Amino acid sequence: MPMVTYLQAINQAMQEEMARDENVMLMGEDVGAMGGAFKVSEGLIERFGKLRIVDTPISESLIIGAGVGLAVLGMRPILEMQFIDFIACGFDQIVNQAATLRYRHGGQASCPIVIRGPGGAGVHGGLYHSQNPESWFFSVPGLKLVAPATAYDAKGLMKSAIRDDDPVLYFEHKFLYRRIKEEIPDEEFLVPIGKAALRSEGTDVTVITYGATVHSAVGAARDLAGEISVEVVDLRTLLPLDWGMIRASVRKTGKALIVHEARLTGGIGAEIAARIAEELFEDLDGPVMRLGSRDTHNAFAAPMEAFILPDKLKITEAIRKLARY
Amino acid sequence: MPMVTYLQAINQAMQEEMARDENVMLMGEDVGAMGGAFKVSEGLIERFGKLRIVDTPISESLIIGAGVGLAVLGMRPILEMQFIDFIACGFDQIVNQAATLRYRHGGQASCPIVIRGPGGAGVHGGLYHSQNPESWFFSVPGLKLVAPATAYDAKGLMKSAIRDDDPVLYFEHKFLYRRIKEEIPDEEFLVPIGKAALRSEGTDVTVITYGATVHSAVGAARDLAGEISVEVVDLRTLLPLDWGMIRASVRKTGKALIVHEARLTGGIGAEIAARIAEELFEDLDGPVMRLGSRDTHNAFAAPMEAFILPDKLKITEAIRKLARY
Amino acid sequence: MTEQKERELYFWMVLVREFEARVAALDKQGKLAGGVYSGRGQEAATVGVCHALRPDDWVFPLHRDMGAYLVKGADPNRLMAQIFGRRDGFSKGKDSYLHGGDLAHGIFGATSMLAATLPVAAGMAYKFRMKNEDRLAVAFFGEGASSRGDAHEAMNFAGVHKLPVIFVCENNFYAYSTPNELQFAVENVADRAAGYGFKGEVASGNDLHTVMNVMQKATDRARRGEGPTFIELKTYRYHGHSEHDRAAYRTEEELVTWESRDPIELWEHYMDKRKYDLPAIQAETLARARKVVEDAVAFAEASPEPTGPEAMDDLYATPVGEGR
Amino acid sequence: MTEQKERELYFWMVLVREFEARVAALDKQGKLAGGVYSGRGQEAATVGVCHALRPDDWVFPLHRDMGAYLVKGADPNRLMAQIFGRRDGFSKGKDSYLHGGDLAHGIFGATSMLAATLPVAAGMAYKFRMKNEDRLAVAFFGEGASSRGDAHEAMNFAGVHKLPVIFVCENNFYAYSTPNELQFAVENVADRAAGYGFKGEVASGNDLHTVMNVMQKATDRARRGEGPTFIELKTYRYHGHSEHDRAAYRTEEELVTWESRDPIELWEHYMDKRKYDLPAIQAETLARARKVVEDAVAFAEASPEPTGPEAMDDLYATPVGEGR
Ligand SMILES: Cc1ncc(C[n+]2csc(CCOP(=O)(O)OP(=O)(O)O)c2C)c(N)n1
Ligand SMILES: Cc1ncc(C[n+]2csc(CCOP(=O)(O)OP(=O)(O)O)c2C)c(N)n1
Ligand SMILES: [Mg+2]
Ligand SMILES: [Mg+2]
């Protein structure tokens, strides 16, 4: 099996889907000749031509709105935000236009668009190149949200997202682009939207997480081996959540820690914690705990960024605290 | 004491602050000669002139961005969204421009803007005239969010919001505009940002809520009198939350129900529930429960709207269920 | 034009006016919920523009464009059910009027956010060009909506790719209460087209011939691959912004001036000059239109109200269950 | 112009170039984090524009406008500390470079969202007009940023109120890798000004005299209450989009063509024609500029890194505590 990076996995998924279905296309700033600011779409314009790989003006709202128009006609546009932070500039087209399209048309219309772009911190990107905006969209019905943590999932989820008939926000983590490399199958595979994955099995504490912090959580679980038996659930899809797996794991361990790189307050971990605390009240042997980024903006200077972000040590500490409970 | 409606209270607050401080101004669509789509700003242009009461083009992003520019120079602009739903069109200027202004300038700059507008459902406004967008902003540091439920608070919180040196999103509920009428003092008063209010005292169950559902919760508490002793906490400010009052009440009752008109999933009730469930784990005699609008868009037809929204009966039922626990 | 076509156009304008008049009356009777907007006075704009289109072209109507729905082929019965918020409406009651399109007839349902349809129209036109389809997208918007960023982004993109899209601005001189001098500092919004590299046309929106002429030029241009056109139609709405608006911000004189250029009367005058039997045409057309409208009302009133739980339908292609 | 003023202008251009060159070198040495952008080749634009301003005017620089910071009065030491992300920077390390303005000198710190500063500039200009202050706001942006909705909304509003704001578009023919023909379908973005009811000027951005001339006209206009100007300055960036970009999307020939119109060399040529002692001026100016830059680097390197917990400061005027 070939070794591919997280970034190459996204590229492969887009290429395979474009080869399979001529209605799949890509729009965004510098996605063409340049191959994207991070080279995620390298080689695509050469293979699929400039009608399908569209270098747009700097117009995020247009990119998303046009994507909706294309989707209504049966196209399957992938819409890149050069950094996911710029999604704020196309916010209305997502939450009002795309998310309500099917609903306001009483089911007549589908909106198969994928909005993707590099998010996440840890590379000194500062306030506007480090954001994790998933919570802005988590309360919006009609959307699906995915956030792969591995190259395998990056590929399989992208393929599923493209084939999905509803708008999917695909949050890729720029820290993982070239840092994650793994063997993935030669044959075609999909990762279904809505299914979480167990990254480590355990019996004492469940850590529920997604994106870059999956790796820190798995690291923490490994470090704690022998001391505390940690189960790590990688959500992969944030909307809809895989409540089956979440529930099963928390029932087994009786203790849940939710970790995400997004800010703690108002993060999607709050919803997960609230539901676990309500539905599994009788099964819990300790409070549901959460760890997220500190409640501030993504500061630039290294000591601040380290202070803000959750990491393996902070996760380890939180697991210990919960296990002791 | 004069009887004023919720709507008049907002109008009075703006007038008083404009009379007190010549740097207070109002910008928005049709806020001038028309007095606003709902007449919230009636009489202002006659009194304060068209330089201070600005009828803008239909440009929500401009309205907010210009407000930031004015604020940096010491003005205190109130920025109206004709319906709060249109805030999506100015989203970037709020979350990236206004919310980070002080932070990215290392404390050099203040951003005393108030963004206000009619939100909320219950008047058959359909998908784009019924929204409760507070959760989009709840995870954004640098912002403050308030949501008055009474005429007294509408006035006092508006005055505080105008005087606040940080951006305040002031969510007014259109259902309450003319349906709520109460006596308020002649003398000047403020309602501090960050302080909740007890609307009903009780010992069995705490209902934590804000906005229009405060009235349904108080109604439910009244209906249950004799059967269940219900304490109703009206948050008034959503960011920052009044954890002192929330904690004290839940410690007393041991049972918490969070109610809001915003959608359940991803609503700010999730954060409140998650924190209570974690911090007050030992004090709880039952799971923290939540009631919000159903996880769908704000449908138009009356039966659907009734199905979606929380109301007194649904709250009563939820309180009973929690009390029985 | 043949007499038949001229009478057909007349029918459409009368139908639009009768339909809207009935909707306004229903609103006054308290039979409708939500905001009700009237395009009375602007009938020549929507009728002239949409009559120039083919079934597989797309239109993007906004709140004052009832005419676009009707002329583009929406079933009047379903349109009325849509306005009533009933199950047979395009939204199945999930929203009213313009928020539910009729996709089978190439009518796109808008959100409320003004000008947010323009990027969507540009996207569709990109598809037509990309797949070499001889089709057009036509986006309507008010002069007020022209101030929104989305209008700019869409027009710029359409210009870059010479897309077969026509931007139709119905300039009725007010955005709610806001007069043009507070909306923009130019006489003609269509002047902006030059800044996007395509043609702007300014024309009377009350004169059906004029509307059809500029549309002919615009559709020819688009079908020849020469790109977009910005058509600005000067017109006037007789009613307030919504039926609840008394429109105190304008003068009686202004209103009467525009009423004296009524699009339907102008067309009647023209038919009269053509020596058609106007009284007969009028009577027959009105009867035909009223019948359509009354049937539509009957249909809508008979259409069931959706039930509460239907609010959970149509969120996703396949329901996602408890995951949300 | 006096020789002294001409030498002063020369100094600014050289300082900007030296400052940016040093920043690029520091980046290459791995001493800087985050993206580093260079305006090398565009110095006449920022220097010419900002030199026309008064201390109480405001500027809104974007990522390639280091010159605007320096000329408008930002302390080079603090600017360098800002780029290093140190505590003495304008952001106190919370972000780097253009995201921290220097408000005491009328320099506004931008977000990354291109064109989002334009509405802010319009808002400030509204204040100047409202309070009858003889002040200006100047917003810089690239031709790429001109496609964003915010640019449109801001210009439209500025036109309506004839605000004392100048929109300066540095058209360097690329937005990252995207050439102008994929960005807009016009030759001159400034043509759009007509659609907003104000004047557009297209000029060389490499010729300092030209820049100063159009700025003179624009500031006169604004100070006389005649409203905004859209100035488009044609120029070129020698470096890639950021220091990591090899700029494979353009030709060597194109680069050299533009280098042959280098703004600093053009000015030197002019001073030479004026019979100034050019070699002496060059040597002296370079030495003076380098000293400023070296001092700035020393200052920045000595400035403390912020500590982790400082990340929680400056969120609110008064900390809100556990409420968030
Ligand atoms: C983005 C946005 N802001 C505000 C509104 C509220 N609104 C609805 S119609 C209207 C006036 C529209 O004027 P215009 O575009 O000229 O169309 P007209 O009503 O005159 O046909 C306004 C401000 C809206 N629908 N969308
Ligand atoms: C809203 C937004 N979208 C995308 C980007 C990413 N981005 C940063 S600079 C740039 C190109 C800018 O081009 P231009 O405006 O011409 O300025 P130049 O870099 O040429 O000076 C892009 C696309 C951004 N900063 N903001
Ligand atoms: Mg209008
Ligand atoms: Mg450029």
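Side-chain atoms are counted along with the backbone in the values below, which use heavy atoms only and exclude waters and symmetry mates. What you see is a predicted model; the values in this text were computed from it and never measured. Throughout, a chain's letter reflects where its sequence line sits, starting with A, and its residues are numbered from 1.
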With chain D, which of C/F184, C/F157, C/F198 has the greatest number of heavy-atom pairs at distances under 4.5 Å? C/F184
Highest number of heavy-atom pairs under 4.5 Å with chain D among C/G159, C/G197, C/S147 belongs to C/S147
Under 3.5 Å side-chain donor-acceptor pair for D/H152 and D/Y196: yes
Which word best sums up how the rings of D/Y37 and D/H241 line up, parallel for under 30°, tilted for 30 to 60°, or perpendicular for over 60°? perpendicular
Are the charged groups of D/R148 and D/D150 less than 4.0 angstrom apart, N to O? yes
Ring centers of C/F173, C/W258 separated by less than 6.0 Å: yes
For chain C, find which of D/R192, D/E181, D/K162 contributes the most heavy-atom pairs closer than 4.5 angstrom. D/R192
